[in-house]
Engineer: 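One structure, as structure tokens, below. Some questions next.
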Amino acid sequence: MNRRSFIARTGMASMALLLSPMLKAAGSPEFVSKRPPLVQRKFTSKAIEDIIVKTKAQIKDPEIAWMFENCFPNTLDTTVEFAMNGNIPDTFVITGDIEAMWLRDSSAQVWPYLPYVNDDPVLSNLILGVINRQAKCIVVDPYANAFNKGATGSEWDKDLTDMKPELHERKWEIDSLCYPVRLAYHFWKKTGNTSFFTPEYEKALQLTLATFKEQQRKNGKGPYHFMRVTEKATDTVTGKGYGNPVKPVGLICSSFRPSDDATIYSFLIPSNYFAVRTLRQMAEMSSKIRGNAGFASDCNIRASEVEEALKNYATVNHLKYGAMLAFEVDGFGNQLFMDDANVPSLLALPYLGCLPASDTLYKNTRKFVLSGDNPWYFKGKAGEGIGGPHVGEDMIWPMSITMQALTSSSEEEITKCLRILKNTHAGTGFMHETFHKDNPATYSRSWFAWANTLFGELILKITKEYPSILNKTI
């Protein structure tokens, strides 16, 4: 099944959750942990358990504290499979309700645990195992977005592309190669551990650079193409699998968005910004860890080229918002004005270290994406936030509300976002993929680990930077 093709849970099942005994009586909440019993948890870290206890004690609102306790450890509790192959850590991470490992999701799911790796060697090995596994995946196929644990094949074997038995899905998304570098780079910076930088990892970096070059399409369309027999237009690629035409201006083509939806114009701007950041990190690691000045130079040259192309083609002069960023462009002058809830997004650029939140270009863009002028921004009785074509109109992604708070310095805005998240989990204590703008009991994906751990990351940031927010009932 496609990563996000689960139909929204509605009706009696959701109402049963809303009427569950968690709320014994009005004004007397009894929030019982929704974590699996200890013996059923996939992985336990003392450092993470300690931070859960410490953080809960700083949260006055019992429901927010309960949601944090459920959500923050969800990746460790339910989605990781950790093993030692000799003395080499290996970690396979599923998304939640789909038994496959996305390069993007697996990186994002363990990212919030990175600050605690020096306090827990076992946790450090777990993340090292994710980095090792991702390198193996990229070497199998740098164009694939999702992988099986072994060479088992998948339901998408009949996709019209170069499928292999190790692949779950082969949708080319720039961010699939960016996220693993982000994780490895910051793991190295945090720990000083370079054991992941093996010949196989170096090969993965070389393939990443080569794939970025191929998808600049200066010498033709490149080797990647993708089509799927489907009734869902966003699940396949036009132009015989190569997408709509682009003018080779230095930007990198992405056939799909982080939502796993096909792009309209292949130069996806948030992902190109992410690629610039990634190439710089690849250069620094290669230079400082391996002393490979030649490869580092190649990465920096490519980063500068994409960066220059972003300046020339990504910025537009909007009649209402002034200088801002388009979501997708094609190099011919066509531009798409929207933002999607998935990360990378225009909203998330400061979170990924691509632009400072104080940048005027970003601030203007942010005003647009958090307004009704963004066709995928929805406001209803239950809340407001960004959605996307993947689930459809009127469905808001909690991830976008969390990201809005993560990229804000306004206590009022952060509090508003927390209040929406608190009021829309439908009594489950977890983040969902989406909820209906007017009725949170209509939602998709009850087990979506990335959204859960991202919420935990937000709470931890608030406790450090804006503790007064959590000193009151939200």
Side-chain angles (χ1 to χ4, degrees), residues 173-175 232-234 237-239 243-247 249-276 306-352 354-380 384-397 399-401 403-404 407-408 413 434 437:
E173 302 161 356
I174 291 172
D175 65 280
K232 189 176 180 182
T234 55
V237 178
T238 62
N244 289 314
V246 295
K247 185 177 182 179
V249 296
L251 293 171
I252 303 167
C253 287
S254 190
S255 297
F256 289 88
R257 301 167 181 166
S259 59
D260 297 339
D261 291 337
T263 51
I264 295 174
Y265 303 129
S266 297
F267 294 144
L268 180 58
I269 298 306
S271 293
N272 271 267
Y273 268 99
F274 200 7
V276 172
V306 177
E307 192 170 46
E308 184 64 22
L310 284 167
K311 291 177 183 176
N312 293 332
Y313 293 92
T315 302
V316 297
N317 195 13
H318 194 282
L319 289 174
K320 184 174 180 179
Y321 297 95
M324 59 167 280
L325 294 169
F327 184 65
E328 294 172 2
V329 302
D330 63 0
F332 289 107
N334 294 304
Q335 301 153 336
L336 180 63
F337 292 95
M338 61 167 280
D339 201 19
D340 195 287
N342 285 263
V343 181
S345 60
L346 294 174
L347 179 64
L349 289 175
Y351 172 78
L352 296 171
C354 299
L355 280 177
S358 59
D359 186 278
T360 301
L361 185 64
Y362 172 73
K363 289 196 290 186
N364 291 347
T365 305
R366 193 176 199 274
K367 289 176 185 176
F368 164 80
V369 302
L370 295 175
S371 78
D373 292 317
N374 173 8
W376 296 102
Y377 187 86
F378 307 115
K379 185 174 183 178
E384 58 186 288
I386 302 169
H390 194 82
V391 179
E393 289 184 280
D394 298 331
M395 300 299 288
I396 297 168
W397 292 63
M399 182 184 296
S400 76
I401 300 167
M403 189 53 60
Q404 180 181 349
T407 54
S408 176
E413 183 178 20
T434 65
K437 67 176 186 177

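Computed from a predicted model, the values in this text were never measured in an experiment.
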Engineer: Could you tell me which non-hydrogen atom of Trp397 sits nearest to which non-hydrogen atom of His390, and how far apart they are?
Structural biologist: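 Minimum heavy-atom contact is CZ2-CB, 4.2 Å.
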
Engineer: For a quick test of reading the model, state the closest non-hydrogen atom pair linking Ser254 to Thr263 and the distance between them.
Structural biologist: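 For Ser254 and Thr263, the tightest heavy-atom pair comes out as O-OG1, 2.8 Å.
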
Engineer: Do the non-hydrogen side-chain atoms of Pro356 and Tyr362 ever get within less than 4.5 Å of each other?
Structural biologist: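 No. Closest side-chain heavy atoms not under 4.5 Å.
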
Engineer: Looking at Ser400 and Gly385, would you say the former's side chain and the latter's main chain have a donor-acceptor pair under 3.5 Å?
Structural biologist: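 Looks like no, no N/O pair under 3.5 Å.
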
Engineer: Run the salt bridge (charged side-chain N to carboxylate O under 4.0 Å, His left out) test against Asp175 and tell me which residues pass, sequence neighbours left out.
Structural biologist: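 Partners of Asp175 by the salt bridge (charged side-chain N to carboxylate O under 4.0 Å, His left out) criterion, ordered by chain and then number, come out as Arg104.
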
Engineer: Any non-hydrogen side-chain atom of Leu325 less than 4.5 Å from a side-chain atom of Leu349?
Structural biologist: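 Of all side-chain heavy-atom pairs linking Leu349 with Leu325, at least one is under 4.5 Å.
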
Engineer: About how many Å separate CG of Asp260 and OG of Ser255, when rounded to the nearest 0.5 Å?
Structural biologist: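 Ser255 OG to Asp260 CG: 12.0 Å, rounded to 0.5 Å.
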
Engineer: How long is the straight-line distance from NZ of Lys437 back to CD1 of Ile396, given to the nearest 0.5 Å?
Structural biologist: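 These two atoms lie 8.0 Å from each other.
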
Engineer: Is the backbone of Ala341 close enough, under 3.5 Å, to the side chain of Ser345 for a donor and an acceptor to pair up by distance?
Structural biologist: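 Looks like no, no N/O pair under 3.5 Å.
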
Engineer: Do Asn342 and Arg257 have side-chain heavy atoms sitting under 4.5 Å apart?
Structural biologist: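 Asn342 vs Arg257: side chains apart.
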
Engineer: List for me each residue that meets ring pair (Phe, Tyr, Trp, His ring centres under 6.0 Å) alongside Phe337, sequence neighbours excluded, and say none if there are none.
Structural biologist: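 Partners of Phe337 under the ring pair (Phe, Tyr, Trp, His ring centres under 6.0 Å) test: His318.
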
Engineer: Does any N or O in the side chain of Thr234 come within less than 3.5 Å of the main-chain N or O of Ala262, such that one atom is a donor and the other an acceptor?
Structural biologist: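 Not at all, since once roles are kept as given, no pair shorter than 3.5 Å links the two residues.
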
Engineer: In terms of side-chain heavy atoms, does Tyr377 have a donor or acceptor partner in Glu384 at a distance below 3.5 Å?
Structural biologist: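 Checked: Tyr377/Glu384 side chains pair up, N/O donor to acceptor below 3.5 Å.
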
Engineer: Ignoring hydrogens, what is the shortest heavy-atom contact between Ala348 and Val343? Give both atom names and the distance.
Structural biologist: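 Shortest heavy-atom separation between Ala348 and Val343 comes out as CB-CG1, 3.7 Å.
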
Engineer: Which heavy atom of Leu268 sits nearest to which heavy atom of Pro258, and what is that distance?
Structural biologist: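 Nearest pair, atom of Leu268 first, then Pro258: CD2-CD, 3.9 Å.
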
Engineer: Taking atom OG1 of Thr315 and atom CG of Asn364, what is their separation to the nearest 0.5 Å?
Structural biologist: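 Taking OG1 in Thr315 and CG in Asn364, the distance rounds to 10.5 Å.
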
Engineer: Between Asp340 (side chain) and Gly388 (backbone), is there a donor-acceptor pair under 3.5 Å?
Structural biologist: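 Checked: no pair found.
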
Engineer: Could you state the interatomic distance from OG (Ser371) to NZ (Lys367), rounded to the nearest 0.5 Å?
Structural biologist: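 Answer rounded to 0.5 Å: 11.0 Å.
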
Engineer: Closest approach of Ala357 and Thr407, non-hydrogen atoms and distance?
Structural biologist: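 Nearest pair, atom of Ala357 first, then Thr407: CB-O, 4.4 Å.
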
Engineer: Where the side chain of Asn374 meets the backbone of Leu370, is there a donor-acceptor pair that is under 3.5 Å apart?
Structural biologist: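 No, Asn374 side chain to Leu370 backbone: no donor-acceptor pair under 3.5 Å.
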
Engineer: Please tell me if the side chains of Asn244 and Asn334 come closer than 4.5 Å, counting only heavy atoms from C-beta onward.
Structural biologist: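 They are not in contact (no side-chain heavy atoms under 4.5 Å apart), so the answer is no.
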
Engineer: Would you indicate whether the side-chain heavy atoms of Tyr273 and Leu346 approach each other to under 4.5 Å?
Structural biologist: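 Result no, sub-4.5 Å side-chain heavy-atom pair not found.
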
Engineer: Would you check if the side chain of Lys320 reaches a backbone N or O of Phe368 as a donor-acceptor pair within less than 3.5 Å?
Structural biologist: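 No; judged by distance alone, with no hydrogens or angles, the pair does not exist.
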
Engineer: Under the criterion side chain to side chain contact (heavy atoms under 4.5 Å, CB included), I'd like the reasoning laid out for Ile264 against Met338: C-alpha separation, chi angles, the key distance, then a yes or no.
Structural biologist: CA-CA 12 Å; Ile264 295 174; Met338 61 167 280; 5.9 Å; no

Engineer: Please assess Leu251 against Val306 for the test side chain to side chain contact (heavy atoms under 4.5 Å, CB included), listing each intermediate value before the final yes or no.
Structural biologist: CA-CA 5 Å; Leu251 293 171; Val306 177; 4.3 Å; yes

Engineer: Take Val249 and Asn312 through the test side chain to side chain contact (heavy atoms under 4.5 Å, CB included) and record every step on the way to the result.
Structural biologist: CA-CA 9 Å; Val249 296; Asn312 293 332; over 6 Å; no

Engineer: Compare all side-chain heavy atoms of Lys247 with those of Asp330 and state whether any distance is below 4.5 angstrom.
Structural biologist: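 No, their side chains stay 4.5 Å or more apart.
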
Engineer: Are the side chain of Asp339 and the backbone N or O of Leu347 linked by a donor-acceptor pair below 3.5 Å?
Structural biologist: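 Answer holds: yes.
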
Engineer: Provide the closest heavy-atom pair for Val329 versus Gln335 in the form atom of the first, atom of the second, distance.
Structural biologist: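 Shortest heavy-atom contact: CG1-CG, 3.8 Å.
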
Engineer: Take Phe327 and Val369 through the test side chain to side chain contact (heavy atoms under 4.5 Å, CB included) and record every step on the way to the result.
Structural biologist: CA-CA 10 Å; Phe327 184 65; Val369 302; over 6 Å; no

Engineer: Supply the atom-to-atom distance Phe256 CZ to Asp261 CG, rounded to the nearest 0.5 angstrom.
Structural biologist: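 Reported value, rounded in 0.5 Å steps: 8.5 Å.
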
Engineer: Under the side chain to side chain contact (heavy atoms under 4.5 Å, CB included) test, which residues partner Ala275, sequence neighbours left out?
Structural biologist: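 Once residues adjacent in sequence are excluded, the partners of Ala275 under the side chain to side chain contact (heavy atoms under 4.5 Å, CB included) criterion are Ile174, Cys178, Phe212, Ile252.
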
